[in-house]
Structures are given as C-alpha cells and as structure tokens.
Amino acid sequence: MNNIQLLGRTTSDLGLKTTTSGKSVCSFTLAVDRKYSKDTTDFIPCTIWDKGAEVMSKYVKKGQLIAVGASGKKRFRQLYAGVVPGDQR
C-alpha cells in the first residue's frame with residue numbers, strides 16, 4: 001500500500017456538494033512546490049468525502065496552507081508516474 005503526504009496551498013475556495021445518496025463531497029486542487037526546484041509547482045487534484053468534506057469546506061479558504069495525507073494503491077502509482085487519475089490518455 002502506498003502512503004502520500006502533501007503540503008501545499010488550495011487554489012480556490014472549496015465548495016461542498018452532496019451526492020444523490022446524501023454523501024458530502026468536496027473536490028479541490030492543491031498547489032505543491034517542489035522541494036529542490038524553486039520555479040516548479042505541481043497541481044494535485046484532491047477529493048474528500050463525508051464529515052471531512054463538511055469541515056474543510058467550512059474552514060479552508062483559497063491560498064490557505066494545508067497538509068493532506070492519504071493511502072491507496074492504483075491511483076498513487078499513476079500519480080508517481082506523472083499520470084493524473086481519471087486521465088485516459
């Protein structure tokens with residue numbers, strides 16, 4: 001299993017949405033500066049669900065520095081290889 005920890009700034013205000021089944025979801029992009037390259041920034045798409053989505057949409061604003069941690073299998077391998085999850089190139 002892969003673990004990932006990111007520290008970056010949100011690129012916009014977070015909007016809370018609700019699915020047809022009643023689950024809360026919040027999608028946002030995190031701008032992460034590369035450690036050894038001053039002029040390079042990676043933009044990482046993130047999605048958070050349920051209570052976490054409700055809390056983040058209430059308290060996190062555009063440009064705020066936040067830390068994000070997650071674990072997974074397939075999606076993070078694609079991210080490490082430079083492929084954005086959901087991108088079918």
Side-chain angles (χ1 to χ4, degrees):
M1 179 152 331
N2 294 318
N3 292 315
I4 188 169
Q5 303 270 325
L6 300 170
L7 179 67
R9 297 190 182 275
T10 55
T11 60
S12 63
D13 287 330
L14 283 61
L16 183 66
K17 296 182 181 177
T18 306
T19 65
T20 55
S21 62
K23 289 190 176 240
S24 298
V25 62
C26 184
S27 295
F28 61 97
T29 302
L30 192 66
V32 179
D33 291 328
R34 291 208 183 174
K35 186 174 184 177
Y36 299 107
S37 178
K38 289 184 178 181
D39 299 329
T40 305
T41 302
D42 294 313
F43 295 91
I44 311 296
C46 303
T47 304
I48 188 164
W49 293 86
D50 299 323
K51 186 67 175 175
E54 295 170 16
V55 171
M56 283 194 65
S57 66
K58 184 175 180 180
Y59 294 107
V60 177
K61 304 298 179 207
K62 178 180 179 179
Q64 189 169 346
L65 186 66
I66 62 170
V68 175
S71 61
K73 291 185 179 182
K74 182 179 177 185
R75 289 188 175 197
F76 293 124
R77 281 197 300 268
Q78 290 174 339
L79 185 63
Y80 294 140
V83 178
V84 177
D87 189 6
Q88 303 297 323
R89 291 185 198 173

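Basis for what follows: all heavy atoms, side chains included, without hydrogens, waters or symmetry-related copies. Bear in mind the structure is a predicted one, so any value in this text is a computation, not a measurement.
Once rounded to the nearest 0.5 Å, the distance linking NZ of Lys17 with OG1 of Thr47 reads 10.0 Å. With values rounded to the nearest 0.5 angstrom, Lys61 atom NZ is found 6.0 Å from Asp13 atom CG. The distance from atom CG of Leu14 to atom SG of Cys26, rounded to the nearest 0.5 Å, is 4.0 Å. Taking CZ from Phe28 and CE from Met56, the interatomic distance works out to 3.5 Å, rounded to the nearest 0.5 Å.
Considering all non-hydrogen atoms of both residues, Gln64 and Tyr59 come closest at OE1-O, 3.3 Å. For the residue pair Val32 and Gly8, the shortest heavy atom distance occurs at CG2-CA, 4.3 Å. When all heavy atoms of Glu54 and Ser24 are compared, the closest pair comes out as OE2-OG, 2.9 Å.
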Full working for side chain to side chain contact (heavy atoms under 4.5 Å, CB included) between Ile66 and Val60: CA-CA 8 Å; Ile66 62 170; Val60 177; 4.1 Å; yes

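Linking Ile, Leu, Val, Met, Phe, Trp and Tyr whenever their side-chain heavy atoms come within less than 4.5 Å leaves Leu7 and Ile4 in two separate clusters.
Distance alone, capped at 3.5 Å, places no donor-acceptor pair between the Thr18 side chain and the Gly22 backbone. Using a distance-only test at 3.5 Å, with no hydrogens or angles considered, a donor-acceptor pair links the side chain of Thr10 to the main chain of Gly63.
Inter-residue side-chain proximity for Val25 and Ile48 is flagged as unmet; no heavy-atom pair is nearer than 4.5 Å. Using a 4.5 Å cut-off on side-chain heavy atoms (C-beta onward), Thr41 and Arg34 make no contact. Within the 4.5 Å cutoff, side-chain heavy atoms of Leu30 are placed close to those of Val68.
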